[in-house]
Number of protein chains: 2
Amino acid sequence: MELTAAEENYLKVIYKLSDGGKTSISTNDLAAAMSMKPASASDMIKRLAEKKLLDYRKYYGAELSELGKKQAIEVIRRNKLWMVFLADRLKFSWDEIDQVADELEHTRSGLLLSRLEEFLGYPKVDPHGEPIPDVSGAIQTRPRIPLLALPIGQSAQIVSVKDSSPAFLKYLDKIGAYIGAQVKLLDKVEFDGSIELLVDQKRTVFMSSSIAANLLVMP
Amino acid sequence: MELTAAEENYLKVIYKLSDGGKTSISTNDLAAAMSMKPASASDMIKRLAEKKLLDYRKYYGAELSELGKKQAIEVIRRNKLWMVFLADRLKFSWDEIDQVADELEHTRSGLLLSRLEEFLGYPKVDPHGEPIPDVSGAIQTRPRIPLLALPIGQSAQIVSVKDSSPAFLKYLDKIGAYIGAQVKLLDKVEFDGSIELLVDQKRTVFMSSSIAANLLVMP
DNA sequence: ACAAACGATTAGTCAAGGCTAAAAATTAAT
DNA sequence: ATTAATTTTTAGCCTTGACTAATCGTTTGT
């Protein structure tokens, strides 16, 4: 199975959009997520269907096949391992990682990947806290709840961010939050749903509910 | 100046074939070095000429322009830094490095490159002993002579290999030689030009003159 | 010096992967 | 229940970069 970089990119995005390849996604959504025109996405979907990477019925959206899921997970695995390299070893900040990892992920060398993984010490999560699929494609998920669902007074660890936009990541940096940071929910404001948070036992910050909704924590 | 991966590959190979872009190279030689057909090389030469990356007169070969040299050196710099990463950090053996580095070299991110260089401790030579161009494109060469030119009894350090074929690199591995290894020329056999060599003050090996001709040393 | 051989270029084809514009299918609105 | 709006697909075009086959220049051998 020889996939091009473009095909891999589409598979990766389809996988992410469709919640692990379970639900069907639309051409327009895919095109938007890829920053391309619907016509191009439609084209590619047809090609991927011919290669048995997804099931497709005209005008009714596409859903990854088992084979497609496997390939997508492989790409995501490569992507996340490079992310760890960039963040941990090259000291990239959160908002600089994604673009470069998207380029590096297409190097198809089994040896490179296994050596890289070993070099990084077999990390289990990427810099955003998302689990990294293992070599067989298994994804170990951890129990996680939205920060907003935490009871007042409870401590937890930030394990993941849902939004990875540069603006959002910059904001997190500013308030001293990061994956693995210890936080304690001090109070919830009834009026607008904003919260008061103790970060790393040092800093108290106020956070809007829309920000808090994007943070997942492990109590 | 936006170069595609294919254009970068051609520039790199042209640079190497033409001894730093100084001498003119032929279409056939280029095609052979790229493992492609002459028609394809001819095509690409025309395109590179249009982009002012080389000077070209039909039927008389091509020569890199100053701009072309600059770009080629930049590619070579990226390539060699990745080589160091693969060899030093990921423990790739000599014969596994080149192919993977040729894929990684096309990631165009200034930040990535400078961080990688810093991470590697600003190496000055690649795993084959060749100097790595610095960020401004300057190449610091070191005095080096062929192993065969060494006087009997003289010690020296292996600094470079001219041939990088897997077979040759495997052979070097087998006799315990590597870039940076200390060697002493014990004797030369008049009859066939072969030599007797002490490697790393431990092992004595006999080496044919054709092998020895591919090793450059620094006395 | 002229034909053969060799090397380089052109012409035409193909696949990938993007685009725009137009047509077709589906969904929503009156 | 038609019309209108939206979504999806098709059709046609473009660029990159490879190929083969054919032609054009240069070089060489006798």
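Each chain gets a letter, A, B and so on, in the order the sequences are listed, and its residues count up from 1.
- Within the structure, every side-chain polar atom (N or O) of B:Y59 is placed at least 4.0 Å from both OP1 and OP2 of D:dT23.
- At a threshold of 4.5 Å between non-hydrogen side-chain atoms, the residues B:K51 and B:E7 count as touching.
- The shortest non-hydrogen separation linking A:L17 to A:A33 is CD1-CB, 3.8 Å.
- B:L104 places none of its side-chain heavy atoms less than 4.5 Å from the side chain of B:R78.
- Shown here is A:K188, whose NZ atom has more than 12 heavy atoms of other residues, nucleotides or ligands within 6.0 Å.
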Under 3.5 Å, which N/O atoms of the protein pair with N/O atoms of nucleotides 13-15 of chain D?
none

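- In this structure, B:Q157 places its CD atom where more than 12 heavy-atom neighbours from other residues, nucleotides or ligands lie under 6.0 Å away.
- The CG atom of B:L48 sits 12 Å away from the P atom of D:dT16 (whole-angstrom rounding).
- Side-chain atoms of A:S26 and A:N28 include no donor-acceptor pair closer than 3.5 Å.
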Using nucleotides 17-20 of chain D, report all nitrogen or oxygen pairs with the protein that are shorter than 3.5 Å.
unit_1 : atom_1 : unit_2 : atom_2 : d
D:dG17 : OP1    : B:T4   : OG1    : 2.3
D:dG17 : OP2    : B:R47  : NH1    : 2.7
D:dA18 : OP2    : B:Y10  : OH     : 3.4
D:dC19 : OP2    : B:K37  : N      : 3.2
D:dC19 : OP2    : B:S40  : OG     : 2.4

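- Contact footprint of chain B on DNA chain C: nucleotides with an atom under 4.0 Å from a non-hydrogen protein atom, first to last in 5' to 3' order, C:dG7 to C:dT10.
- A salt bridge links A:K69 with A:E66: at least one charged nitrogen is closer than 4.0 Å to a carboxylate oxygen.
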Would B:E118 and A:K91 count as a salt bridge (Lys or Arg N to Asp or Glu O under 4.0 Å) here? Give the steps. CA-CA 11 Å; B:E118 182 186 354; A:K91 306 300 174 199; over 6 Å; no

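- A:L111 is not listed as a side-chain neighbour of B:V100, based on a closest heavy-atom distance of 4.5 Å or more.
- Looking at heavy atoms from C-beta onward, A:L216 lies out of side-chain contact with A:V161 at the 4.5 angstrom threshold.
- B:F119 and A:F85 have perpendicular rings, their planes meeting at more than 60° on a 0 to 90° scale where under 30° would count as parallel.
- When side chains are defined from C-beta on, B:V159 does not count as touching B:I179, because their heavy atoms never get closer than 4.5 Å.
- Within the helix from C:dA1-D:dT30 to C:dT30-D:dA1, the inter-axis angle between the opening and closing five-pair segments is 20°, rounded to 10°.
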Which pairs would a plain distance check flag for residues 123-131 of chain A, meaning a side-chain donor or acceptor within less than 3.5 Å of a matching protein atom at least two apart in sequence or in another chain?
unit_1 : atom_1 : unit_2 : atom_2 : d
A:D126 : OD1    : A:H128 : N      : 2.6
A:D126 : OD1    : A:G129 : N      : 2.9
A:D126 : OD1    : A:E130 : N      : 3.0
A:D126 : OD2    : A:K80  : NZ     : 2.8
A:H128 : NE2    : A:D98  : OD1    : 3.3
A:E130 : OE2    : A:S160 : OG     : 2.4

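- Atom NZ of B:K37 has 12 or fewer neighbouring heavy atoms from other residues, nucleotides or ligands inside a 6.0 Å radius.
- Within residues 21-30 of chain A, the residues that place at least one heavy atom under 4.0 Å from DNA chain D are, in residue-number order, A:S26, A:T27, A:N28.
- Annotation: of the two residues near DNA chain C, A:K51 and A:Y60, the 5′-most nearest-nucleotide partner is A:K51.
- Salt-bridge check for A:R108 with B:E103: failed, with every basic side-chain N at 4.0 Å or more from each acidic carboxylate O.
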